[in-house]
Amino acid sequence: MFAKKIISWYLKNKRDLPWRNTDNPYYIWLSEIILQQTRVQQGLPYYEKFVENFKTVEALAAANEGEVLRLWQGLGYYSRGRNLHKTAQVVVREYGGRFPDNFKDLQKLKGVGRYTAAAIASFAFNESVPAIDGNALRVLTRFFEIFDPIDSPSVQKNIFDIATDLMKNVDAGNYNQAVMELGATVCTPKNPNCEECPINIECKAFENKSVSQIPIKAKKTKVSQKFFQYFVFEHKGRYWLKKRADNEIWANMYDFYLVESENLDYHENLEKTIEEFNIEVESVKTYPVVNHILTHQKQQIAFTEVKCKSASTIGNGNWYTIEELDDLAKPKIIVDFIQNLKKG
DNA sequence: AAACCGGGGTT
DNA sequence: AACCCAGGTTT
């Protein structure tokens, strides 16, 4: 009954989203990678861009990684973009351009875990396997009034098993979409609209007025404090940027010269850096420190613009005009800074 | 400031 | 199973 009620609610109330009008695994995979850790509202324009630029997995595989990262710019968690490109190449080279057609094999692809594999397997191939994202997890824990912590792997496994039973003999794709859509639009984290919920009668948490307490997380996110300083070297309208290495954070993306420090002694960083690269300084401009709050880190980032008397050699970087910078994939903090630079 | 969209990857 | 993640946006 659970499944059928939810599906019928979904068919009447679903949002019309482009990836819901296809069973092409390439488009579904693309949308799911974009939507990892990302709201529909934010991911939608990126999906449109990618579909337009890369109509097939072959087209995506043939692109340069730089192009892919440039299109991904601003979306965050850039390893998704790199995995997207790598996986496209694997699918073309090793799978003959056809995505694996089942839950188990899909998880072999880089960037495709349990949730994403279940989503593709059910939407594209109608395999009966539950796609449990945060929305579905919230719906299920509330419906069964599960007070166990959802960040425990064993609890997640139990819920996966329960969900597997629930979806027997129903349309797997629509069922999975339905549960997630209910979580996204009705069974929301705060102020859920229980009055309009199609399954409120059978919802244990609703019955016992415990909706606002569920789901429960055992662990709190740890937040650490970090200090960074960017040196924006400028010479005759050109700016120095470096392509980051393959094995580090923001891999293969471009940014200014970066120093991480133990504290806020940004002056010392400046002295050291100028000395290290033997830079002839014309002038120094200090920008207000930016507080950058991330999920796991509080960052204080200082931008220091150094106008140089010559375009010296500074590590493995190059000097670019503002216009040339547009074509390089950069983290958003850099994009934003350049935006301000342009404004003056 | 914390929560949210969280899943995937590594150890 | 524990731990990590150089995100953007909303509450």
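Any value given below was found using the heavy atoms of this structure, including those in side chains, with hydrogens, waters and symmetry copies removed. Residue numbering restarts at 1 for every chain, and letters A, B, ... go by the order of the sequence lines.
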On a whole-Å scale, what distance lies between the C1' atoms belonging to dC5(C) and dC5(B)? 15 Å

Please report the distance separating the C1' of dA2(B) from the corresponding atom of dG6(B), rounded so that it comes out in whole Å. 15 Å

Have a look at [X] and say if it touches a base, only the backbone sugar-phosphate, or nothing, with a 4.0 Å heavy-atom cut-off.
X         : answer
Gln41(A)  : nothing
Leu137(A) : nothing
Thr116(A) : sugar-phosphate
Lys226(A) : nothing
Tyr78(A)  : sugar-phosphate
Gly43(A)  : nothing
Arg80(A)  : nothing

Nearest-Å distance for atom pair NE2/P, residues His296(A) and dT10(B): 16 Å

For Gln156(A) and dA2(C), what is the distance between atoms CD and C1' respectively, to the nearest whole Å? 13 Å

Below the 4.0 Å mark, does dC5(B) have OP1 or OP2 next to a side-chain nitrogen or oxygen of Arg138(A)? yes

